[in-house]
Each structure stands twice: as structure tokens, then as C-alpha cells.
Amino acid sequence: MVIDGTDERLLGALADGLPLCPRPYDEVGRWLGLSEGQVLSRLRRLISTGVVKRFGVIVRHRELGYRANAMVVWDVPDQLLPGLAHKAIQFDCVTLCYERPRRQPDWPYNLFCMIHGKDRKTVRRQLDRLNRQTGLQDCPHDILFSGQCFKQKGARYHAAPELKCGAA
Amino acid sequence: MSADLSSLEEKILNDYQRDFPLEPRPYDRIAGCVGITEEELLETLGNLQNRNVVSRVGAVVKPQTVGASTLAAMKVPKNRLREVAEIVNSFEAVNHNYEREHSLNLWFVVTAPDEQGVKDVLKEIENQTGLKVIDLPLVTSFHIDLGFDLKW
């Protein structure tokens, strides 16, 4: 679907989060020069067309006690990748699954899955099961646990206005 | 910090990671569903945010529908990791930046209005750090992010 400049500004305005006040959509509308109804109908359309995959509370895994965050990567023959990816995403522990390009010699892997767990042992156990049951165990793979988090915030596609819940 | 969630907080987090109410008073609706007042709900959410458990109420945008983005990785000498991470963080276009245990040890996401914008940021990071940046843009996304199940 086509996204116009106003949609982009709306998503930009939401990058810091929907304000915590009784009429948040009205507040966002005020920043953008839209009515509450226009904000709501644009959001509904962005969600129903799949531009917005999910609208809701965004949690931080680490602070919830899911301290082991692994990016698991495989080098999969290109023609087998979609089939294997679809098998991998059947597993609840997989929160994201992507194909990305290899960059030889630095990076030989083309299939990426994110797995979150309480601890590394759990993640490794989940990965073993996934590898066995999908056949991915035969492909070269690596597991990259996260160390320090230096930054985590919403993507900013567009300059956003100051997002405050004003008394206005 | 590990979060000690009350059962009320757990319910809010579990039930409203998706399908957030699209109506004029969404917090009032949620408050009604969990049996507290709107004011108490706003306070609870603010509190979860202050404790860093909740990042925000927001939209997860499907990759490559708005603007352009990429996942980038760098091989940073251990003694320069913090310095390089700070340079990377200084770019407004960088929204996630993590250390990972691998020879490619710094991973970050760059988002910009268009592809050229992304490339300019990667180039500038290379210039400022003197290190190579590996660019791993998305080819296909296979997963719809449905949020995070607290019951695992």
C-alpha cells in the first residue's frame, strides 16, 4: 500500500511512544494538525494493511528476566532457505526470522533467527530442538549471544516532534 | 534488574502487546478490563516505563515499508568497544546497538528515510571509527512479530 507523508509523520510521532494521558490520540493529532478521528482511522488503516505489524505495549526483554538473547545464524543453500525458515518460525522461541545476504569472507550466513530465553542453557536447549526437528543441524551455524546493550529505542524514520503529554 | 511484576502488571503486559484499543480513551478501556481506574492504569504504565520494563506503547513497523533500514556489524578491538559504541550511538539513525559475542562484536540497526541515507550513515561511521562496517540489509522477513509471551 502507499504511505503518504502524513502517515510517515504519524509513525514518526509514535516513535517515542503513545503519550500516557487520557486522550492520547487527540494529543498526537494536536502535534500533527490532525483530528483524533483522523489519527485513529490512519492507524487502523496502517494496521489492517500490514504496514504496522503490531500496535501495543513494547516490552524490554532483559528487564523481564529474559537475559539470554541469541541471534542464531545459518548458512543455508539459497533454494532451501524459504522452506527451512517457515519450519523455524513454527517454534515459539523464535521471535524474528530473516534472510540477509552473505558477505564473504567476513560473514558466511544468510538465515537469521532471534531466540530469547531466561538463560543460555534454555536457549541452547531450544536451539538444539529446533536444529534437530527442522533439519537445520546439517547447515553450518553459529550462535551470537548479546552482551552489553548500548542503545534500544524505536526506529526513527522521520524527524519527530517533541512528544510530551502537555496540558495544552 | 530483574522485574518483579505484580499479577496486574503481568496481565497488562501479556494482553496488550498487540491489538491495543483504537478508540478515544484506550487506557480507560484497558483499565475497565483489568478492574482498575484509568488514572491507576496510567500510573502503572508510567511506573513500568520508569523501571525500564516497558519501552513504550508503540507501533512495530513492517521492515521496508517506511523508509529504509539495515542491520550492520563491525569487528571492534575489545579495548575500543565502548568508544566505538558511543560513536555509533551518536547517530540519530541508529536505534538498536548491541555487543554480541563473536569476532563481529558490535551490531546495530540503522534506519533512515531512504537507502542513500542509510549508506551515508554507514560510510560516516566507517570514517569516524576507521573500521569496516558490514552491511546486512533485509532480503526477506519470515516472521510476524506478535509480541512477547510472558508465560514462557
Side-chain angles (χ1 to χ4, degrees), chain A residues 3 7-8 11 14-18 20-26 36 40 43-44 46 50-61 63-65 71 82 85-86 89 92 94-101 103 106-107 116 142 144-158, chain B residues 1-3 12-13 16-20 22 24-28 38 42 45-46 51-62 65-67 69 71 73 85 89 92-102 104 111 113 134 136-150:
Chain A
I3 305 173
D7 290 329
E8 288 190 17
L11 293 170
L14 289 171
D16 283 338
L18 189 71
L20 296 178
C21 58
R23 301 279 294 270
Y25 302 109
D26 187 60
E36 183 180 58
L40 283 166
L43 267 175
R44 280 194 198 101
L46 288 168
V51 172
V52 169
K53 291 195 298 183
R54 167 162 86 82
F55 184 65
V57 179
I58 296 172
V59 302
R60 295 187 194 272
H61 306 122
E63 279 70 14
L64 279 171
M71 183 172 82
H86 281 113
I89 63 175
D92 282 345
V94 174
T95 50
L96 293 168
C97 178
Y98 296 126
E99 179 184 359
R100 297 184 183 277
R103 300 291 191 209
D106 302 293
W107 188 252
H116 288 92
D142 206 343
L144 287 75
F145 282 105
S146 63
Q148 300 172 70
C149 170
F150 296 112
K151 194 176 195 180
Q152 186 190 0
K153 65 177 181 85
R156 200 170 291 289
Y157 298 93
H158 216 260
Chain B
M1 181 195 85
S2 181
I12 294 169
L13 294 186
Y16 296 99
Q17 290 183 54
R18 52 190 299 232
D19 302 330
F20 198 82
L22 293 168
R25 295 182 61 179
Y27 301 115
D28 190 52
E38 183 184 50
L42 288 169
L45 281 174
R51 282 151 64 202
N52 253 328
V53 173
V54 164
S55 160
R56 63 196 178 278
V57 174
V60 176
V61 178
K62 190 175 166 201
T65 46
V66 184
S69 64
L71 176 67
N89 275 359
E92 184 62 20
V94 171
N95 56 309
H96 282 210
N97 184 15
Y98 272 93
E99 175 190 17
R100 290 199 179 275
E101 295 171 10
H102 190 268
L104 285 166
T111 305
I134 315 271
L136 299 167
L138 184 67
V139 176
T140 312
S141 171
F142 293 97
H143 206 215
I144 303 298
D145 173 12
L146 298 179
F148 194 66
D149 187 349
L150 301 188

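All heavy atoms count here, side chains included; hydrogens, waters and symmetry mates do not. Each chain gets a letter, A, B and so on, in the order its sequence line appears, and its residues count up from 1.
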request  = Check the pair B/Lys62, A/Val52 against side chain to side chain contact (heavy atoms under 4.5 Å, CB included), reporting the backbone distance first and the verdict last.
outcome  = CA-CA 6 Å; B/Lys62 190 175 166 201; A/Val52 169; over 6 Å; no
request  = With a 4.5 angstrom heavy-atom cut-off, could you sort out which part of B/Glu38 is near chain A: side chain, backbone, both or neither?
outcome  =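 Side chain only.
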Heavy-atom proximity to chain A below 4.5 Å, by part of B/Asp19 = backbone
At their closest point, which heavy atom of [X] faces which heavy atom of [Y], and how far apart are they?
{"X": "B/Leu71", "Y": "A/Met71", "result": "CD2-SD, 4.4 Å"}
{"X": "B/Ser141", "Y": "A/Tyr98", "result": "OG-CE2, 3.4 Å"}
{"X": "B/Pro26", "Y": "A/Pro22", "result": "CD-O, 4.3 Å"}
{"X": "B/His102", "Y": "A/Trp107", "result": "CE1-CZ3, 3.8 Å"}
{"X": "A/Pro24", "Y": "B/Tyr27", "result": "CG-CE1, 3.5 Å"}
{"X": "A/Lys151", "Y": "B/Val94", "result": "NZ-O, 3.0 Å"}

inquiry  = Between B/Leu136 and A/Arg103, is the side chain to side chain contact (heavy atoms under 4.5 Å, CB included) condition met? List the steps.
reply    = CA-CA 8 Å; B/Leu136 299 167; A/Arg103 300 291 191 209; 3.6 Å; yes
task = Please round to the nearest 0.5 Å and tell me the distance separating atom CG of A/Leu18 and atom CZ of B/Phe20.
result =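 Reported to 0.5 Å precision, the distance equals 6.0 Å.
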request  = First locate atom OG of A/Ser146, then atom OH of B/Tyr98, and finally report the distance between them rounded to the nearest 0.5 Å.
outcome  =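 Atom-to-atom, A/Ser146:OG and B/Tyr98:OH are 6.0 Å apart.
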key: B/Arg18 side chain reached by A/Phe55 side chain, heavy atoms, under 4.5 Å   = no
ask   = Under a 4.5 Å cut-off applied to non-hydrogen side-chain atoms, are A/Leu40 and B/Pro24 in contact?
value =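 Yes; the side chains approach each other to less than 4.5 Å.
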Considering only heavy atoms, which portion of [X] lies under 4.5 Å from any heavy atom of chain B: side chain, backbone, both, or neither?
{"X": "A/Glu36", "result": "side chain"}
{"X": "A/Ile58", "result": "both"}
{"X": "A/Asp26", "result": "neither"}

query = Listed by chain and number, what are the salt bridge (charged side-chain N to carboxylate O under 4.0 Å, His left out) partners of B/Arg100, not counting sequence neighbours?
reply = none
message = Please enumerate all residues that pass salt bridge (charged side-chain N to carboxylate O under 4.0 Å, His left out) together with B/Glu99, with sequence neighbours excluded.
response = none
query = So, A/Arg44 side chain and B/Leu22 main chain: donor-acceptor pair closer than 3.5 Å or not?
reply =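 Yes, A/Arg44 side chain to B/Leu22 backbone: donor-acceptor pair under 3.5 Å.
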query = Between the main-chain N or O of B/Val139 and the side-chain N or O of A/Arg100, is there a donor-acceptor pair closer than 3.5 Å?
reply =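 Not at all, since once roles are kept as given, no pair shorter than 3.5 Å links the two residues.
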query = For B/Val54 and A/Arg60, what are the C-alpha separation, side-chain angles and deciding distance, and is it a side chain to side chain contact (heavy atoms under 4.5 Å, CB included)?
reply = CA-CA 6 Å; B/Val54 164; A/Arg60 295 187 194 272; over 6 Å; no
Interface residue of largest heavy-atom contact number with chain A, from B/Gly46, B/Gly58, B/Ala59, B/Ala73, under 4.5 Å =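 That would be B/Gly58.
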